[in-house]
Number of protein chains: 2
Amino acid sequence: MARAATTSDAFNAIAEPQRREILTLLRGGERPVTDLARDLGMTQPQASKHLRVLREVGLVRVRGAGKQRLYGLDARGLRPIHEWVGGFERFWSESFDRLDAYVQELKQERQEGPHDDDDQ
Amino acid sequence: MARAATTSDAFNAIAEPQRREILTLLRGGERPVTDLARDLGMTQPQASKHLRVLREVGLVRVRGAGKQRLYGLDARGLRPIHEWVGGFERFWSESFDRLDAYVQELKQERQEGPHDDDDQ
DNA sequence: TTGACGCATGCCAATATAGGCATATGATGT
DNA sequence: ACATCATATGCCTATATTGGCATGCGTCAA
């Protein structure tokens with residue numbers, strides 16, 4: 001089987017560099033497709049496709065403005081990601097020496113009584 | 001052309017749910033492949049492959065321990081992600097009232113000139 | 001050396017992209 | 001209705017994956 005659909009969640013949506021660039025640009029406010037395409041050096045169809053993915057996972061919203069369609073950021077979907085990654089903060093803040101020490105502790109504990117700990 | 005290699009960066013590595021689960025499990029300490037595979041309900045080869053990706057982007061490290069190979073978390077690679085996503089924090093923390101107000105505006109406009117906008 | 005055990009790899013199949021291009025759809029103005 | 005500008009889509013190709021299975025490789029014990 002193939003990879004889970006990109007369209008399925010924000011994690012996948014932001015795995016693509018150009019989509020991240022789009023989101024970054026949109027922090028500056030709403031922009032029409034052509035603008036984004038030009039600024040990011042991609043073709044208009046490409047931009048539209050990426051925007052579609054972003055729209056499907058809810059990271060951007062659209063608004064018709066005359067002939068144009070203005071895309072705007074809706075960052076709420078990024079929050080879960082920030083929280084998930086944040087769950088690892090203490091692991092990258094700890095110096096590696098301490099980390100190794102921590103690892104040793106766990107091994108000890110496991111030998112005394114095998115845990116299964118938290119998943120997710 | 002196809003999507004950028006998963007193996008290229010942490011963003012892609014954590015786009016895969018099972019790899020996220022592996023990382024989460026590893027917060028509890030080093031574990032051998034078979035352990036992880038069992039706990040996550042996947043085959044051993046599957047686990048090994050995911051671990052390889054995680055190793056290639058530097059999110060886990062390995063250590064030989066007799067017949068086993070213990071995988072341990074190296075969360076440093078998650079920090080850039082946390083920071084990138086954190087750059088959007090102010091956009092999702094803006095009061096919901098303001099956001100809702102904005103949404104109302106959009107609806108108004110739409111009624112004045114019927115669009116079809118977002119689906120999904 | 002021979003087995004057994006724990007893992008890593010290779011190979012194949014099915015599928016989801018991303019890119020490039022042409023073209024359909026929509027909205028506007030004349 | 002028609003021409004035009006702004007986008008969205010469809011189609012095709014090449015490639016990256018993930019899953020399943022069989023198998024190779026390294027380590028340890030007899």
> For Arg79(B), does the CZ atom sit with more than 12 other heavy atoms under 6.0 Å from it, leaving out its own atoms?
Replying inline: no
Whole angstrom value for the distance that separates [atom2] of [N] from [atom1] of [X]:
X: Gln18(B); N: dT17(D); atom1: CD; atom2: P; answer: 16 Å
X: Gln46(B); N: dT17(D); atom1: CD; atom2: P; answer: 14 Å
X: Leu54(A); N: dA18(C); atom1: CG; atom2: C1'; answer: 14 Å
X: Phe11(A); N: dA16(C); atom1: CZ; atom2: P; answer: 21 Å
X: His50(A); N: dT9(D); atom1: NE2; atom2: C1'; answer: 15 Å
X: Asn12(B); N: dA18(C); atom1: CG; atom2: C1'; answer: 13 Å
X: Asp9(A); N: dA16(C); atom1: CG; atom2: P; answer: 15 Å
X: Arg19(A); N: dA18(C); atom1: CZ; atom2: C1'; answer: 9 Å

Polar atoms only, N or O, under 3.5 Å: list the protein pairs with nucleotides 6-8 of chain D and their distances.
| from | atom 1 | to | atom 2 | distance (Å) |
| --- | --- | --- | --- | --- |
| dT7(D) | OP1 | Val33(A) | N | 3.4 |
| dT7(D) | OP2 | Thr34(A) | N | 3.1 |
| dT7(D) | OP2 | Thr34(A) | OG1 | 2.1 |
| dA8(D) | OP1 | Arg69(A) | NE | 3.0 |
| dA8(D) | OP1 | Tyr71(A) | OH | 2.5 |
| dA8(D) | OP2 | Ser48(A) | OG | 2.4 |
| dA8(D) | N7 | Gln44(A) | NE2 | 2.7 |
| dA8(D) | N6 | Gln44(A) | OE1 | 3.2 |

If you look at every heavy atom in [X] and [Y], which pair is closest and at what distance?
X: Ser48(B); Y: Val33(B); answer: OG-CG1, 3.6 Å
X: Ile14(A); Y: Arg20(A); answer: O-NH1, 2.6 Å
X: Ala13(A); Y: Leu54(A); answer: CB-CD2, 4.3 Å
X: Ala37(A); Y: Ala47(A); answer: CB-CB, 3.8 Å

> With sequence neighbours left out, which residue pairs that include part of residues 11-63 of chain B fulfil the ring-ring contact (aromatic ring centres under 6.0 Å, His included) condition?
Replying inline: Phe11(B)-Trp84(B)
